[in-house]
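The structure under discussion appears below in the form of structure tokens.
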There are 2 protein chains.
Amino acid sequence: MATDSVSPPGPRPTLRERKKQRTREALVDTALRLFTQRDFDSVTLDELCDRVEVSKRTFFRTFASKEEVAMAPYEDMWKAFIDELETRPVDAKRSILQVLQDAVLAAMRTMNTGDWAHRLLSCTRLAGRTPAIEAHCLYFCGVTVRAALDVLHRRFGLDPHDLRPRLALDILAAAFHRALETWADRPQDPTVEHLATDTLAAFAAIPGSLTLTGVAPADQGG
Amino acid sequence: MATDSVSPPGPRPTLRERKKQRTREALVDTALRLFTQRDFDSVTLDELCDRVEVSKRTFFRTFASKEEVAMAPYEDMWKAFIDELETRPVDAKRSILQVLQDAVLAAMRTMNTGDWAHRLLSCTRLAGRTPAIEAHCLYFCGVTVRAALDVLHRRFGLDPHDLRPRLALDILAAAFHRALETWADRPQDPTVEHLATDTLAAFAAIPGSLTLTGVAPADQGG
DNA sequence: ACCACCTTGCCACTGAGTGGCGATTGCTTT
DNA sequence: AAAGCAATCGCCACTCAGTGGCAAGGTGGT
């Protein structure tokens, strides 16, 4: 599933698939570079395809939309997250939310090939200033959450009508997005370990967010 | 702000604006009807504009996209929510999350003109089966959350670097979306009071979602 | 070496969204 | 009440994302 991570294991993919893979990576790399240098909207798909020397028809066989190529590193991580949730041993002692936290942390650490962190940084900043990309990103996250909910039901025997597992997933997504925001604001070179740190910090802030009260300054009360 | 709600107060809008308003409502009504009868994608804007007898140019002066006209009832409620958050008296005894809950409940009750509940039901179900609409909906919700965060900072004197208020807003959005889902599945005629009930139920499930544990059925552990 | 098939490239097409400009409509001032 | 003003509307032409069809080329198996 995680198209960029699992290269070492497996009986070596066929040549045809490796070619496809190289095209995909070239498209993502070039797209992120062009979209970052100029604007997302001002770069046409024709131009991107010219650079990579690929027809527009081929582009749409690899990605479903212009937005998707920009969010590929982000999507790859969510796919790895589903894999983790599916395969990770169950520990009945940990709460669902803790299990989810373990799975995201594990997922981001499987992405440690090449400069995934740099690409994720590019697409995070891109999403922050491009409505179309942000919308696509949130939609994809929603789809992933529904897939994860299925896994939770299957592996942890939960009531399908219970709102709590779904809320836990929504809270996970929210915390991770806050972590991405914090991480993308760091001035240093992006690393997976910093992202892990920021993710833990965001999770740690969750309980307090339910009980937090305001301080009601000199502002009039109505 | 809430384009559909505040009709009674105000010194009667100018005729020109009322005409504009009627065009807007005709577009929303017809769009929801057509999108529900057939598919969102199979209804072209040209067709919609023909029905309402409005040029496509005018459509785009009223709505920013094809998706927006379908989500107008939903967006109107969020705009009313911002208004409530802005004007509601502050009660230092209640937590931020409780304040937010009060504001959504109040917002949906201001929408009690005409059959807003029916329109909201249509667009909720539409969003559930149309990726483009769901994406737009989530993006709009994100923009609203950022606007609400500004209000919280201004009125409740919170630290701009504190993650907790933002997380509280994300959790609010998640709970409300769960409530919408539950509400849209009800077989009866949609009412605002049922939506309020489902919203309270979703909020009540939040604390439990942080501590919930699985039951680890006969499923193997790895 | 040959065949079957997957993949690619090209072409033409639909439909969303934008900008310009002249015409119309509602508001205002004298 | 008439004229002047500004906002709005409708029409036209255009760009660009995304899709389907079909022929040509490369790939894997025999």
Side-chain angles (χ1 to χ4, degrees), chain A residues 3 10-28 30-31 34-35 38-72 126 130-137 139-140, chain B residues 3 10-28 30-31 34-35 38-72 126 130-137 139-140:
Chain A
T3 336
R12 193 191 215 170
T14 157
L15 177 74
R16 196 177 265 166
E17 282 170 13
R18 274 188 288 151
K19 217 169 181 180
K20 214 170 172 178
Q21 197 56 29
R22 248 173 301 169
T23 304
R24 187 190 139 97
E25 278 168 28
L27 280 171
V28 171
T30 312
L34 288 179
F35 294 162
R38 308 219 298 283
D39 211 45
F40 176 76
D41 296 309
S42 73
V43 178
T44 67
L45 282 184
D46 289 313
E47 183 180 351
L48 172 61
C49 292
D50 276 355
R51 297 279 183 119
V52 188
E53 288 180 310
V54 158
S55 81
K56 208 167 59 169
R57 201 70 191 77
T58 298
F59 175 89
F60 281 107
R61 274 189 276 264
T62 316
F63 298 100
S65 69
K66 190 184 176 188
E67 288 80 31
E68 193 174 302
V69 68
M71 290 308 284
L126 228 36
T130 313
I133 298 186
E134 186 181 345
H136 176 268
C137 157
Y139 173 73
F140 178 84
Chain B
T3 336
R12 192 188 216 175
T14 156
L15 176 73
R16 194 178 266 166
E17 280 169 14
R18 273 188 288 149
K19 217 171 182 179
K20 213 171 174 177
Q21 197 57 28
R22 248 174 301 169
T23 304
R24 188 191 137 97
E25 278 168 29
L27 281 170
V28 172
T30 313
L34 288 178
F35 294 162
R38 307 219 298 283
D39 211 46
F40 176 75
D41 296 309
S42 74
V43 178
T44 68
L45 282 184
D46 289 313
E47 183 180 351
L48 171 61
C49 292
D50 276 356
R51 299 279 185 115
V52 188
E53 288 180 311
V54 157
S55 80
K56 208 168 60 169
R57 200 71 191 80
T58 298
F59 175 90
F60 281 107
R61 280 192 204 97
T62 316
F63 299 100
S65 68
K66 189 184 174 187
E67 288 80 31
E68 195 175 300
V69 67
M71 291 307 286
L126 228 35
T130 314
I133 299 187
E134 185 182 346
H136 176 268
C137 157
Y139 173 73
F140 179 84

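Note that this is a predicted model, so its numbers are computed, not measured. Naming: A, B, ... by sequence-line order, numbering from 1 per chain.
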Whole angstrom is fine here: how far is it from [atom1] in [X] over to [atom2] in [N]?
| X | N | atom1 | atom2 | answer |
| --- | --- | --- | --- | --- |
| B/Lys20 | D/dA6 | NZ | P | 17 Å |
| B/Arg18 | C/dG26 | CZ | C1' | 12 Å |
| B/Arg24 | D/dC9 | CZ | C1' | 18 Å |
| B/Arg22 | D/dT8 | CZ | C1' | 15 Å |
| B/Glu53 | C/dT24 | CD | C1' | 17 Å |
| A/Leu48 | D/dA17 | CG | C1' | 13 Å |
| A/Gln21 | C/dT8 | CD | P | 12 Å |
| B/Glu17 | D/dC9 | CD | P | 12 Å |

Check residues 62-70 of chain B and write down every donor-acceptor pair under 3.5 Å in which the side-chain atom is one partner and the other belongs to a residue at least two apart or another chain.
{"residue": "B/Thr62", "atom": "OG1", "partner": "B/Thr58", "partner atom": "O", "Å": "3.0"}
{"residue": "B/Ser65", "atom": "OG", "partner": "B/Glu67", "partner atom": "N", "Å": "3.4"}
{"residue": "B/Ser65", "atom": "OG", "partner": "B/Glu67", "partner atom": "OE1", "Å": "3.4"}
{"residue": "B/Ser65", "atom": "OG", "partner": "B/Glu68", "partner atom": "N", "Å": "3.2"}
{"residue": "B/Lys66", "atom": "NZ", "partner": "B/Phe40", "partner atom": "O", "Å": "2.9"}
{"residue": "B/Lys66", "atom": "NZ", "partner": "B/Val43", "partner atom": "O", "Å": "2.8"}

Quiz prompt | Presence of B/Ser55 side-chain N/O under 4.0 Å of D/dC9 phosphate oxygens OP1/OP2 | solution = no
Quiz item: Looking only at side-chain N and O atoms, does A/Lys19 come under 4.0 Å of OP1 or OP2 in D/dG26?
Solution: no
Nearest 0.5 angstrom please: [X] [atom1] to [Y] [atom2], how far?
| X | Y | atom1 | atom2 | result |
| --- | --- | --- | --- | --- |
| B/Glu134 | B/Met71 | CD | CE | 9.0 Å |
| B/His136 | B/Thr130 | NE2 | OG1 | 13.0 Å |
| B/Ile133 | A/Tyr139 | CD1 | OH | 11.5 Å |
| A/Ser55 | A/Leu45 | OG | CG | 11.5 Å |

Exercise. Taking salt bridge (charged side-chain N to carboxylate O under 4.0 Å, His left out) as the test, write out the residues that go with B/Arg61, two or more places apart.
Key: none
Quiz item: Of all residues at least two apart in sequence or in a different chain, which pass the salt bridge (charged side-chain N to carboxylate O under 4.0 Å, His left out) check with B/Arg38?
Solution: B/Glu47
Quiz item: Considering residues at least two apart in sequence or located in another chain, which fulfil the side-chain contact (heavy atoms from CB on, under 4.5 Å) criterion with B/Thr30?
Solution: B/Arg33, B/Leu34, B/Leu48, B/Arg51, B/Val52
Quiz item: How far apart are the closest heavy atoms of B/Phe59 and B/Val54, and which atoms are they?
Solution: N-CG1, 4.1 Å
Got a list of protein N/O to nucleotides 11-18 of chain C N/O distances below 3.5 Å?
{"residue": "C/dA16", "atom": "OP1", "partner": "B/Leu45", "partner atom": "N", "Å": "3.4"}
{"residue": "C/dA16", "atom": "OP1", "partner": "B/Lys66", "partner atom": "NZ", "Å": "3.2"}
{"residue": "C/dA16", "atom": "OP2", "partner": "B/Leu45", "partner atom": "N", "Å": "3.3"}
{"residue": "C/dG17", "atom": "OP2", "partner": "B/Lys66", "partner atom": "N", "Å": "2.8"}

Exercise. Five pairs at each end of the helix from C/dA1-D/dT30 to C/dT30-D/dA1: take the axis at both ends and give me the angle between them to 10°.
Key: 30°
